[in-house]
Amino acid sequence: MASEKKIILVTGGSGLVGQAIKKVSEQDPRDDETFIFLSSKDADLKDPLATEKLFEKYHPTHVIHLAAMVGGLFTNMKHNLDFLRNNLLINDNVLQNSYKSGVKKVISCLSTCIFPDKTSYPIDETMIHDGPPHSSNFGYSYAKRLIDVQNHAYHQQHGCHFTSVIPTNVFGAHDNYNLEDSHVIPGLIHKAYIAKKEGKPLVAFGTGKPLRQFIYSLDLAKLFLWVLRDYDEIDPIILSVDEANEVSISDVAQMVADAFQLEHGIVLDTTKADGQYKKTASNNKLRRYLPDFQFTPLKEAIQHSVEWFNENYDIARK
């Protein structure tokens, strides 16, 4: 029946995760699913009227909400107020218009940086609101935490099926490779590209000691589609590789250097800040649902990402 067809609006659809969902959804198409991938050119989601017009135009039944003001460690440190205000506006407009237009399900994308700075590890879904986030990006973190609060409030007051996912550090094709405000892997890839060209060592910021869990964008996209189709909780779910796959930044830098076959090694610039030492996340909840899900090995995923950057250097976001 036509009424059973899903029209899935993906905000932030031109970015890293949106493009991965596009690719995976095309590899695993369903007759009852139509995806619409939006970018910031389609509407300013900070604007209530523009957001309302967007929903009136497409009449989505489902929303994957990826759009956000995002940036790396140093950009966050400088602009906490901007990250707070802009993301509050975007999230409120998307969720309120989803409610008003009768959207059946919204999946919003959070981040592990929302968790308390002072906490025990591994962190899990029950610990989001247990204390203040790290001071370096508190604006972004609180704005993202409030999505979880809103999801429960919309469910309690209106019965809405709004939920959220919490990925660990995502990377892959279509990432943001800007040297000023990228995340760690795309930043290292761009710097390694330049180092290769100039015959210099790769310079990695910080001591290299912080630990992170990285998830390849195509793996995350597959999990997003599972959440869309099969995850029925309002409570969020962490989408992450296993704890055993946590790696140091210096190990990641080495994998990037190896993928580029750099000949002059790696230099650690210890005058730069490390950020949080670790944010180890438990994926026990995910594993209860999907015990056999296979993640792409990190070295292989970095190799794919480097190949994409080399092939798409002219069009990559830099």
For residues 22-31, tabulate all N or O donor-acceptor pairs below 3.5 Å that involve a side-chain atom, not counting sequence neighbours.
{"from": "S25", "atom 1": "OG", "to": "I21", "atom 2": "O", "distance (Å)": "2.9"}
{"from": "S25", "atom 1": "OG", "to": "K22", "atom 2": "O", "distance (Å)": "2.9"}
{"from": "D28", "atom 1": "OD2", "to": "R229", "atom 2": "NH1", "distance (Å)": "3.1"}

Closest approach of Q213 and S240, non-hydrogen atoms and distance? NE2-OG, 3.4 Å
For H152 and D235, what are the C-alpha separation, side-chain angles and deciding distance, and is it a side chain to side chain donor-acceptor pair (under 3.5 Å)? CA-CA 8 Å; H152 284 88; D235 286 335; 2.6 Å; yes
Separation of Q303 CD from F260 CZ (nearest 0.5 Å): 9.0 Å
Considering non-hydrogen atoms only, spot the tightest contact between D175 and R317 and give its length. C-NH2, 3.5 Å
Take T280 and E243 through the test side chain to side chain donor-acceptor pair (under 3.5 Å) and record every step on the way to the result. CA-CA 7 Å; T280 317; E243 290 168 53; over 6 Å; no
Does the side chain of F309 reach to within under 4.5 Å of the side chain of K318, using non-hydrogen atoms? yes
Would you please test S282 and D124 for side chain to side chain donor-acceptor pair (under 3.5 Å) and show each step? CA-CA 5 Å; S282 166; D124 66 36; 5.9 Å; no
Pairing of K272 and D269 as salt bridge, 4.0 angstrom limit: yes
Could you walk me through whether I166 and L239 pass side-chain contact (heavy atoms from CB on, under 4.5 Å), step by step? CA-CA 6 Å; I166 309 171; L239 303 181; over 6 Å; no
Roughly how far, to the nearest 0.5 Å, is CD of E33 from CG of L228? 5.5 Å
Would F295 and Y216 count as a close aromatic pair, with their ring centres under 6.0 Å? no
Does K278 have more than 12 heavy atoms from other residues, nucleotides or ligands lying within 6.0 Å of its NZ? yes
Is the closest side-chain heavy-atom distance between S136 and D117 below 4.5 Å? no
Just how far is it from atom OG of S250 to atom CE of M255, taken to the nearest 0.5 Å? 9.5 Å
Quick check on the 6.0 Å ring-centre criterion: do F293 and W226 meet it? no
According to a hydrophobic-cluster definition based on side-chain heavy atoms being under 4.5 Å apart (Ile, Leu, Val, Met, Phe, Trp, Tyr only), do Y289 and L220 belong together? yes
Strictly below 4.0 Å, N to O, side chains only: are E233 and K285 in salt-bridge contact? yes
Run the salt-bridge test on D32 and K6 with the 4.0 Å N-O cut-off and return the result as yes or no. yes
Just wondering, do I302 and F214 contact through their side chains at under 4.5 Å, heavy atoms? no
Pick from I7, I8, L9: which one makes a side chain to side chain contact (heavy atoms under 4.5 Å, CB included) with F35? I8
Does the side chain of Y154 reach to within under 4.5 Å of the side chain of L95, using non-hydrogen atoms? yes
Would you check if D47 and L89 make a side-chain contact, meaning some heavy-atom pair closer than 4.5 Å? no
Is the terminal nitrogen or CZ of K53 (NZ for Lys, CZ for Arg) located under 6.0 angstrom from the six-membered ring centre of Y58 and within 45° of that ring's axis? no
Consider only side-chain N and O atoms of N91 and H65, and report whether a donor and an acceptor are under 3.5 Å apart. yes
Is the number of heavy atoms from other residues, nucleotides or ligands under 6.0 Å of E198 CD greater than 12? yes
For N283 and D242, what are the C-alpha separation, side-chain angles and deciding distance, and is it a side chain to side chain donor-acceptor pair (under 3.5 Å)? CA-CA 6 Å; N283 69 356; D242 302 323; 2.7 Å; yes
Determine, using the 4.5 Å side-chain heavy-atom cutoff (strictly less than), whether V170 and I64 are members of one ILVMFWY cluster. yes
Quick one, L290 and R287 - any side-chain contact, counting heavy atoms below 4.5 Å? no
Main-chain N/O of V256 paired to K299 side chain as donor or acceptor, under 3.5 Å: no
Working to the nearest 0.5 angstrom, can you tell me the gap between T51 OG1 and N93 CG? 4.0 Å
Is it the case that more than 12 heavy atoms not belonging to Y121 sit under 6.0 Å from its OH atom? yes
With rounding to the nearest 0.5 angstrom, report the NZ to CD distance, K279 to E246. 11.0 Å
Using the rule that two of Ile, Leu, Val, Met, Phe, Trp, Tyr join whenever any of their side-chain heavy atoms come within less than 4.5 Å, decide whether L218 and V306 are in one cluster. yes
We want to know whether H161 and D232 form a side-chain donor-acceptor pair, criterion being a heavy-atom distance below 3.5 angstrom. no
Can you name the residues that form a side-chain contact (heavy atoms from CB on, under 4.5 Å) with P210, not counting sequence neighbours? T207, R212, I249, D274
On a heavy-atom basis, which atom in K144 and which in A68 lie closest, and how many Å separate them? NZ-CB, 3.8 Å
In terms of hydrophobic clusters joined by side-chain contacts under 4.5 Å, are I147 and I107 together? no
T11 (side chain) donor-acceptor with A67 (main chain) under 3.5 angstrom: yes
Can you find a pair of side-chain heavy atoms, one from V63 and one from F55, that are under 4.5 Å apart? yes
Cut-off 3.5 Å, side chains only: do H174 and N312 have a donor facing an acceptor? no
Crowded around K209 NZ? As in, over 12 foreign heavy atoms under 6.0 Å? no
One should read off an interatomic distance between H183 NE2 and L16 CG, to the nearest 0.5 angstrom, of 9.5 Å
Can Y142 be reached from I114 by stepping across I, L, V, M, F, W or Y side chains whose heavy atoms are under 4.5 Å apart? no
Could you go through F224 and V10, starting from their C-alpha distance and side-chain angles, then the distance that decides it, and tell me whether this counts as side-chain contact (heavy atoms from CB on, under 4.5 Å)? CA-CA 11 Å; F224 254 104; V10 183; over 6 Å; no
Under 3.5 Å: donor-acceptor pair, side chain of D42, backbone of S39: yes
If you look only at distance, which donor and acceptor atoms sit under 3.5 Å apart when one is on a side chain in residues 187-195 and the other is two or more places apart or in another chain?
{"from": "H190", "atom 1": "ND1", "to": "Y177", "atom 2": "O", "distance (Å)": "2.7"}
{"from": "K191", "atom 1": "NZ", "to": "V203", "atom 2": "O", "distance (Å)": "2.9"}

Can you tell me if Q150 and D92 form a side-chain donor-acceptor pair at under 3.5 Å? yes
Closest heavy-atom contact between S141 and C113? OG-O, 3.0 Å
Trace of the side-chain contact (heavy atoms from CB on, under 4.5 Å) decision for I215 with N169: CA-CA 6 Å; I215 182 168; N169 298 265; over 6 Å; no
Under 3.5 Å, side chain of N151 to main-chain N/O of I234, donor-acceptor pair present? no
Going through the checks in order, is the side-chain contact (heavy atoms from CB on, under 4.5 Å) test met by F115 and I238? CA-CA 11 Å; F115 283 98; I238 290 171; 3.9 Å; yes
Specify the closest pair of heavy atoms between C109 and L66, including all atoms of both residues, with the distance to one decimal. CB-CD2, 3.9 Å
Would you check if P236 and I128 make a side-chain contact, meaning some heavy-atom pair closer than 4.5 Å? yes
Say whether, by atom type as modelled, one donor and one acceptor occur between the side chain of H62 and the main chain of K105 under 3.5 angstrom. no
